[in-house]
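FYI, side chains are in, hydrogens and waters are out, and symmetry mates aren't considered; it's all heavy atoms of this structure. Lettering of chains follows the sequences in order, A, B, ..., and the numbering in each one begins at 1.
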Amino acid sequence: MSEIIDEVLKDINESKIFRNREILRPDYIPEELPHRHEQIRSLTRILSPLIKGSRPSNVFIYGLTGTGKTAVTKFVLNSLVKKSNGIQFFYINVRHEDTPYRVLASLLEYLGIRVPRTGLPTSDLYRQFTSILKAKNKMTLVVFDEIDSMLKNHGDDLLYKMTRINEYLGSSLVSIIGITNDVKFVEMLDARVKSSLGEEELIFPPYNAEQLKDILKSRSERAFLEGVVNDEVISLCAAFAAREHGDARRALDLLRVAAEIAERLGETKVKEQHVYEARRELEKDRVAEVVATLPFHGKMVMIAIILLSKKQKSLTTGEVYDVYKSLCKRMKLESVTLRRVSDIISELDMVGVISAKVVSKGRYGKTKEIVLASSIESIIYGLKKEDSEINELIQEILGD
DNA sequence: CATCCACAGGAAGATCTGGTAG
DNA sequence: CTACCAGATCTTCCTGTGGATG
């Protein structure tokens, strides 16, 4: 019997495609970062006071998604920590921990303190954090990645406190590295936070297609078995990603998913058609994911938009609201206000499921011009996930 | 050239959920 | 049990506005 299990496991372990698929994951930090030597040098220079035991300047890092900001930062910090044991660094992705409470909770977790998910006053967490830091008396670097994502909903309160933390501690122990891919973000900051955070600045330019190819090549040598990927496939992935502002993460995702598709089909080579397929799959997954996690009325609005766009190409907020309201009535549910629906539409636009542009129709008012920006199938696929109530409604409406 | 539509979108706060602490 | 906390969602009330139209 057990040989059946061994057989299956053997199949899984011995891929005909991958040597080590981890290398293509977006959070993998390679030891070779092509075309980023300049940035590594600059960041190391800025942080070099650490080695002598003094506090380096706060750093602000700009660059679009997938330009190597996170990889370079982690790479440099890891190397510095190896060279001196008087240093510790905490890396927080603010998109994942997007409230002041959660940021502080994960900082405390780095310090070995388990904090309840909710219930405590935020100020208590902050006090705990500072007092432990003080007791440890160790040079500390705090990295806030995608720092812009908290600012919008929760302001720069925490950021302000963090930049002042050394005054509370009575000794200079903490430096902050802020990473953002939104250039406009800085304008939203309080002037005091801005000047304190921006003591040093570092800019990561996007990669061009050639550079993306180098990156893909250097990774695939170790990620794939020999002869699995050829130049054409790599060029195609690079070209797609270059078109989207030189996003290396995108390029790696494409290559990885294309390879997974090839593997699933039992092939031993990744072909160009797999890359096209990967692009569709990635997009579908992204759309389905954001739609599935929408709040209830967000889903209802989404259905209203789908319904309307079958009749006309472009819709307005008012039209969507009318359809949405009749949908709610049909389900015998309370509807939310127009004001709220207006916000929901803006949120849908921000995640890229729809495109909503503010236009003035002169005498006929000012509104949003709404157009679907993703395939209806992907959206419905996402809507149907994990919500039976919505499921029935879709079944009912699209049944005619 | 002023008017006025159909909303945009800011501000403040209410309500609810899911939690802690004593 | 009561008192309180953070965060998400939503409401109430509000002022602002681009440009076709009369």
Side-chain angles (χ1 to χ4, degrees), chain A residues 92-109 113-129 131 144 146-162 184-185 187-190 289-305 308 312 314-329 331-351 353-371 383 386-387 389-390:
Chain A
I92 310 277
N93 187 317
V94 183
R95 190 203 290 284
H96 300 140
E97 325 293 337
D98 63 346
T99 67
Y101 188 96
R102 281 211 279 274
V103 168
L104 283 167
S106 30
L107 281 174
L108 281 166
E109 205 154 310
I113 311 270
R114 254 259 327 143
V115 183
R117 272 175 43 255
T118 171
L120 302 177
T122 310
S123 54
D124 277 13
L125 299 199
Y126 184 74
R127 249 206 328 274
Q128 244 190 93
F129 179 63
S131 70
F144 290 125
E146 307 195 60
I147 198 169
D148 41 310
S149 51
M150 183 168 68
L151 199 74
K152 243 183 67 250
N153 298 317
H154 301 277
D156 54 11
D157 226 52
L158 179 69
L159 231 42
Y160 179 70
K161 272 196 184 133
M162 292 302 295
K184 281 180 292 178
F185 157 77
E187 298 161 19
M188 295 160 66
L189 281 174
D190 184 295
E289 169 68 22
V290 300
V291 171
T293 54
L294 243 35
F296 179 80
H297 289 285
K299 290 182 183 169
M300 293 293 280
V301 171
M302 199 66 248
I303 296 173
I305 292 172
L308 261 173
Q312 49 198 100
S314 148
L315 359 156
T316 68
T317 305
E319 288 164 355
V320 171
Y321 188 58
D322 287 341
V323 174
Y324 157 79
K325 261 205 297 197
S326 67
L327 282 178
C328 283
K329 197 181 264 174
M331 286 179 81
K332 297 191 173 65
L333 289 165
E334 293 283 309
S335 50
V336 299
T337 55
L338 176 66
R339 179 69 185 83
R340 177 62 189 147
V341 169
S342 169
D343 274 348
I344 289 173
I345 289 172
S346 299
E347 282 158 27
L348 290 173
D349 170 76
M350 229 170 14
V351 296
V353 184
I354 63 172
S355 144
K357 239 191 331 186
V358 181
V359 291
S360 177
K361 295 192 189 308
R363 164 54 40 118
Y364 306 104
K366 200 180 172 200
T367 183
K368 287 200 190 87
E369 207 173 72
I370 300 156
V371 182
L383 284 170
E386 73 195 85
D387 203 320
E389 227 178 335
I390 293 271

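When the salt bridge (charged side-chain N to carboxylate O under 4.0 Å, His left out) test is applied to Glu347(A), the partners found at least two apart in sequence or on another chain are Arg340(A). Not a single salt bridge (charged side-chain N to carboxylate O under 4.0 Å, His left out) links Arg363(A) to another residue, sequence neighbours left out. Scanning for side-chain contact (heavy atoms from CB on, under 4.5 Å) contacts around Glu389(A) gives Phe296(A), Met331(A), Leu333(A), Asp387(A), with sequence neighbours left out. Scored by the salt bridge (charged side-chain N to carboxylate O under 4.0 Å, His left out) test, Lys357(A) finds no partners at all (sequence neighbours excluded). Checked against side chain to side chain donor-acceptor pair (under 3.5 Å), Ser346(A) has the following partners two or more places apart in sequence or in another chain: Lys368(A). With sequence neighbours excluded, no residue satisfies side chain to side chain donor-acceptor pair (under 3.5 Å) with Glu334(A).
The nucleotide range of DNA chain B contacted by chain A, defined by atoms under 4.0 angstrom from heavy atoms of the protein and reported 5' to 3', is dT3(B) to dA21(B). Running 5' to 3' along DNA chain C, contacts with non-hydrogen atoms of chain A at under 4.0 Å begin and end at dC5(C) to dT21(C).
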Under 3.5 Å donor-acceptor pairs involving side-chain atoms of residues 116-129 of chain A, not counting sequence neighbours:
| residue | atom | partner | partner atom | Å |
| --- | --- | --- | --- | --- |
| Asp124(A) | OD1 | Arg127(A) | NH2 | 2.9 |
| Tyr126(A) | OH | Lys161(A) | O | 3.2 |

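Of all heavy-atom pairs between Ile345(A) and Val301(A), the closest is CG1-CG1, 4.2 Å. Between Tyr324(A) and Val336(A), the shortest heavy-atom distance links the atoms OH-N, 2.8 Å. Ser314(A) and Glu369(A) get closest at one heavy-atom pair: OG-CG, 3.1 Å. Closest of all the heavy-atom pairs between Leu327(A) and Ala304(A) is CD1-N, 3.8 Å.
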- [ ] Step by step, work out the side-chain contact (heavy atoms from CB on, under 4.5 Å) result for Ile370(A) and Thr316(A).
- [x] CA-CA 6 Å; Ile370(A) 300 156; Thr316(A) 68; 5.9 Å; no
- [ ] For side-chain contact (heavy atoms from CB on, under 4.5 Å), just list the numbers for Met150(A) and Leu158(A), CA-CA rounded to whole Å, side-chain angles, deciding distance to a tenth of an Å, and then say yes or no.
- [x] CA-CA 10 Å; Met150(A) 183 168 68; Leu158(A) 179 69; 3.8 Å; yes
Task: salt bridge (charged side-chain N to carboxylate O under 4.0 Å, His left out) between Arg339(A) and Asp343(A), intermediate numbers included - done: CA-CA 7 Å; Arg339(A) 179 69 185 83; Asp343(A) 274 348; 3.0 Å; yes
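Heavy-atom distances under 4.0 Å link DNA chain C to Val336(A), Thr337(A), Arg339(A), Arg340(A) of residues 336-345 of chain A, given in residue order. Contacts between residues 356-365 of chain A and DNA chain B, defined by a heavy-atom separation below 4.0 Å, involve Val358(A), Gly362(A), Arg363(A), Tyr364(A), Gly365(A), listed by number. Non-hydrogen atoms lying under 4.0 Å from DNA chain B are contributed by nothing in residues 149-162 of chain A.
Salt bridge present: Asp98(A) and Arg102(A) bring a charged side-chain N and a carboxylate O closer than 4.0 Å.
Backbone-only contact: Ser335(A) has heavy atoms under 4.0 Å from sugar-phosphate atoms and none from a base.
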